[in-house]
Amino acid sequence: MLEIQDAFTRALLERDRPIPPGLTCSNGLRPERRFAIHRDNVVAGLIATLASRFPATQRIVGAPFFVVLARAFIDRHPPRSPVLLEYGKDLPSFVEAFEPARDLPYLADVIRLEAARGRAYHAADMPPLDPQTLAVLPQERLPFIRFDFHPATSMIRSSHPIVTIWAMNADGSKPKPVEPWLAEDAMVSRPTLNVRVHRLPSGGGTFLSLLAAGSPLGDAVEAALSESPNFNLSTNLAFMLGAGVTTAIR
Amino acid sequence: MNKVPAATLAASVTAALALLSGQAAADGASKEKCYGIALKGQNDCAAGAGTTCAGTATVDYQANSWKLVPAGTCVTIVTPKGHGSLNKGDAPA
């Protein structure tokens with residue numbers, strides 16, 4: 001039984017393979033054609049899954065290109081699990097090496113951003129940190145506190161304006177020329193039930209990735225300051241607390 | 001590199017909290033700044049009715065796929081060919 005299923009799956013996902021042995025058709029017509037239809041339905045379903053996970057990406061490249069991209073991806077990375085919620089997490093690295101998309105070097109990061117939104121959407125529920133917790137903390141403890149990050153939080157650091165590009169290609173927005181072309185670090189959070197995408201303030205990428213890695217506040221501030229002279233701690237803290245990026249301090 | 005004094009941190013925390021409550025007051029209960037928060041249901045693997053023909057048609061497409069160029073709504077986006085790289089130096093990251 002396992003063998004039959006295995007052969008069936010492989011034949012489904014690899015277009016050049018012959019149909020599984022022993023396959024017959026109740027009305028006597030050629031089973032190859034019937035199987036080909038099923039095979040195409042499976043791929044069409046997977047393409048639709050990817051399109052619904054990566055709507056901005058599809059809009060950026062256009063539907064015909066997206067279909068070809070998705071098909072090439074499915075060929076190389078067929079689903080390993082019946083649960084498709086995470087399907088497509090290898091898409092960014094695939095796109096980086098995908099020759100026809102070479103002229104869109106920002107595309108992989110936009111896909112990372114969309115994937116992060118999907119993860120945030122399905123992440124565990126947790127109340128974000130109450131900002132007042134910091135207010136009542138003794139001053140001398142501040143440099144040493146560490147933050148627990150919300151399970152829905154993720155960061156995408158990019159050398160392209162990915163938040164701008166994503167926002168312009170999200171539902172109902174109108175794309176226009178991006179000027180100036182600046183690097184943007186994105187953070188995805190879900191403080192309550194809504195997934196949000198933020199453009200990090202200056203130095204925020206360094207600051208928050210250090211905090212997320214478990215560095216104490218004092219160290220993260222120093223690193224951010226030395227990397228980005230425009231780093232503003234109040235702005236970044238206000239962002240962090242307001243966006244519900246963290247859940248607790250230690 | 002100088003250590004950032006605890007007092008400076010404390011001042012920033014106070015400022016951040018003030019900023020936050022200011023935002024909350026300005027926004028009222030209505031909303032805060034965010035980009036497209038709606039996420040479509042994404043687990044519906046739509047292999048249902050009507051996909052048969054769509055599926056079969058795209059097989060032919062595959063043959064010339066490598067000649068395809070991304071041609072979506074983003075044609076208006078400036079691609080960073082000799083552009084983004086020039087500005088990269090200004091990047092805050």
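Throughout, a chain's letter reflects where its sequence line sits, starting with A, and its residues are numbered from 1.
- For A:L69, no part lies under 4.5 angstrom from a heavy atom of chain B.
- With a threshold of 4.5 angstrom between heavy atoms, A:N236 does not approach chain B through any atom at all.
- When all heavy atoms of B:A7 and A:Q139 are compared, the closest pair comes out as CA-NE2, 3.2 Å.
- For B:A18, no part lies under 4.5 angstrom from a heavy atom of chain A.
- Here the straight-line distance linking atom CG of A:L142 with atom OG of B:S12 works out to 9.5 Å at 0.5 Å rounding.
- Heavy atoms closer than 4.5 Å to chain A are found in both the backbone and the side chain of B:L9.
- Considering all non-hydrogen atoms of both residues, A:G242 and B:L20 come closest at CA-CD2, 3.5 Å.
- Summarising the geometry, atom CG belonging to B:L17 is positioned 6.5 Å from atom CG belonging to A:L241; distances are rounded to the nearest 0.5 Å.
- Here the shortest heavy-atom pairing between A:P143 and B:A6 reads CG-CB, 3.9 Å.
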May I have the step-by-step check of side chain to side chain contact (heavy atoms under 4.5 Å, CB included) for A:L233 and B:V4, ending in yes or no? CA-CA 11 Å; A:L233 179 56; B:V4 179; 5.8 Å; no
